[in-house]
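In what follows, a single structure is set out as structure tokens and then discussed.
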Amino acid sequence: TGDSAPLKEAMAVLQHHDAITGTARQNVVNDYARQLAAGWRPCEVLVSNALAQLSFYKQNFSFCHELNISICPVSQNSEQFQVTVYNPLGRKVHQMVRLPVSEGIFFVKDPNGKTVPSNVVILPSSYSKKYLCELVFSASVPALGFSIYSVVKVTVHNSQAQSLQASPRRPR
Amino acid sequence: SYVLAIENEYIRATFDSETGLLMKIENMEQNLSLPVSQGFFWYKASTGDEESTQASGAYIFRPSHPKPLPVSRWARIHQVKTALVQEVHQNFSAWCSQVVRLYPGQRHLELEWTVGPIPVRDNLGKEVISRFNTPMKTNGQFYTDSNGREILKRRRDHRPTWRLNQTEPVAGNYYPVNTRIYISDGHMQLTVVTDRSQGGSSLKDGSLELMVHRRLLVDDERGLAEPLMDSGTGKIVRGRHLVLLSSVSDAAQRHRLLVEKEVLAPQVVLAQGDGSPYSSR
């Protein structure tokens, strides 16, 4: 069962200036982090349930909290995955989606099944001497709605991946 | 020596190939060009002086000198250019780097900075800023927002309702920035949109700065009883500054839409495989 109340409560506690400006003692900061993490977990279930109901498809949704530092186990380890982009604004937006991936060639299809231009960008890592690969594509998302994009990695075995198995679904 | 630039149909950002620093921003749509030098600096935190025993701490920002020191005078750079993104990676030091990024169709320049862990082995507390220097004549004025709503005019060393005796030339001119800060010369406007609340100021005409990270060794004795010191090796912070250069008449529309998109950003959720049909019944 999903629940947004624990996150609301954690956010209410974190309105205090100690949480915003860093004027809290270390043990209090640790507790703020604990409350946020505990609040987010049932909220993820709530979002998953909402997406399942709106898209009519039940999925094991993954939330990548470390996308800003190019860590996302699903996109890095999967040959095929779906990207749901939700737009909370009351107008249509175009958003550049960046996902860390393993080295390779990828095909991205929009909700109407059309292939969208994508690039795999090879970047120097800030943390190690290794290079990172990031898949970049532009997503178009309707006002207060979501779009589901399908991504397939092309390997020797599925070089005919042009006919993507993942069935795209229209934006809602 | 050659000129390094990234550009799309609206913006061109030029870098000095000798120093690796941002040198110029051009709005090609409105035919505007502004020399902009951007880099990272740090203020040495005060631990108290002859005038006051007040130290810089969690509650108090009090640098010991008004002039900050550069993290580095040059950056090692790496350029990435594809059809969908152009980036210049700037490495200032082992603890400070930045990616300057431009996507097609984008009317702003994206600066993604990574700062930390701030070294304190030299026993100096540090307050790190990103500073933009331009030749704009701003007449001591700059603008910051109030909770993303009303934009307030700020005047250096001045308060609108009383005669100010400025005793802190840096901190006394710092203001909260919730979503944006800008400077203008009446003709063009340089706006920086933040992804989080920060402190910001314009300490010289044409200059604009935002504090991005701090690490201090002394408690400011305001009740916390702990210095603003991360346990362990220290925190690494990553954030973004979105830079808009436009005519004054056009600026408000642009930064309002951009801030909306930044604050209510699209959310990405991933799923493996195809899933199974679902009905709420």
>> Can you tell me which portion of A:Val93 sits under 4.5 Å from chain B's heavy atoms? Options are side chain, backbone, both or neither.
In response: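 When you check distances to chain B, only side chain atoms of A:Val93 fall under 4.5 Å.
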> If you count heavy-atom pairs under 4.5 Å with chain A, which of B:Asp230, B:Leu257, B:Asp220, B:Asn91 comes out on top?
Replying inline: B:Leu257
[X] and [Y]: which non-hydrogen atoms are nearest, and at how many Å?
| X | Y | result |
| --- | --- | --- |
| B:Ala271 | A:Phe61 | CB-CD2, 4.0 Å |
| A:Arg98 | B:Val85 | NH1-CG2, 3.7 Å |
| B:Val269 | A:Ser62 | CG1-O, 3.6 Å |
| A:Leu123 | B:Glu87 | CD2-OE1, 3.0 Å |
| A:Pro117 | B:Leu84 | O-CD1, 3.5 Å |

What part of [X] gets within 4.5 angstrom of chain A, counting heavy atoms only: side chain, backbone, both, or neither?
| X | answer |
| --- | --- |
| B:Ala94 | neither |
| B:Ser197 | neither |
| B:Leu264 | both |

[X] side-chain N/O to [Y] backbone N/O, donor-acceptor pair under 3.5 Å:
| X | Y | result |
| --- | --- | --- |
| A:Asn119 | B:Ala83 | yes |
| B:Gln267 | A:Asn87 | no |
| B:Lys261 | A:His94 | yes |

Is [X] atom [atom1] crowded by more than 12 heavy atoms from other residues, nucleotides or ligands, each under 6.0 Å away?
| X | atom1 | answer |
| --- | --- | --- |
| A:Arg91 | CZ | yes |
| B:Glu9 | CD | yes |
| A:Asn77 | CG | yes |
| B:Lys235 | NZ | yes |

> For chain B, which of A:Val28, A:Val141, A:Val29, A:Val83 has the most heavy-atom pairs under 4.5 Å?
Replying inline: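 Most heavy-atom pairs within the cutoff with chain B belong to A:Val83.
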>> Side chains of B:Glu260 and A:Leu89, heavy atoms from C-beta outward: is any pair under 4.5 Å?
In response: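 They are in contact (side-chain heavy atoms under 4.5 Å apart), so the answer is yes.
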>> Quick one, A:Thr84 with B:Val268, criterion side-chain contact (heavy atoms from CB on, under 4.5 Å). Give me CA distance, side-chain angles, the key distance, then yes/no.
In response: CA-CA 6 Å; A:Thr84 303; B:Val268 175; over 6 Å; no
> Could you name the residues of residues 6-25 of chain A that have a heavy atom within less than 4.5 Å of a heavy atom in chain B?
Replying inline: A:His17, A:Asp18, A:Gly22, A:Thr23, A:Ala24, A:Arg25
> Quick one: which residues of residues 30-50 of chain A reach chain B at under 4.5 angstrom, heavy atoms only?
Replying inline: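 Residues of residues 30-50 of chain A touching chain B at under 4.5 Å: none.
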>> As a quick check of understanding, evaluate side-chain contact (heavy atoms from CB on, under 4.5 Å) for A:Val136 and B:Tyr103, giving each step before the final call.
In response: CA-CA 10 Å; A:Val136 183; B:Tyr103 292 115; 4.2 Å; yes
> Can you pull the disulfide bond (SG atoms under 2.5 Å apart) pairs that have at least one residue in residues 48-84 of chain A, sequence neighbours excluded?
Replying inline: A:Cys64-A:Cys72
Interatomic distance, [X] atom [atom1] to [Y] atom [atom2] [nearest 0.5 angstrom]:
| X | Y | atom1 | atom2 | value |
| --- | --- | --- | --- | --- |
| A:Gln26 | B:Met229 | CD | CE | 10.5 Å |
| A:Ser70 | B:Arg238 | OG | CZ | 6.5 Å |
| A:Ile122 | B:Thr82 | CD1 | OG1 | 11.0 Å |

> Taking only residues two or more places apart in sequence, or in another chain, which ones meet B:Glu110 in a salt bridge (Lys or Arg N to Asp or Glu O under 4.0 Å)?
Replying inline: B:Arg101, B:Arg240
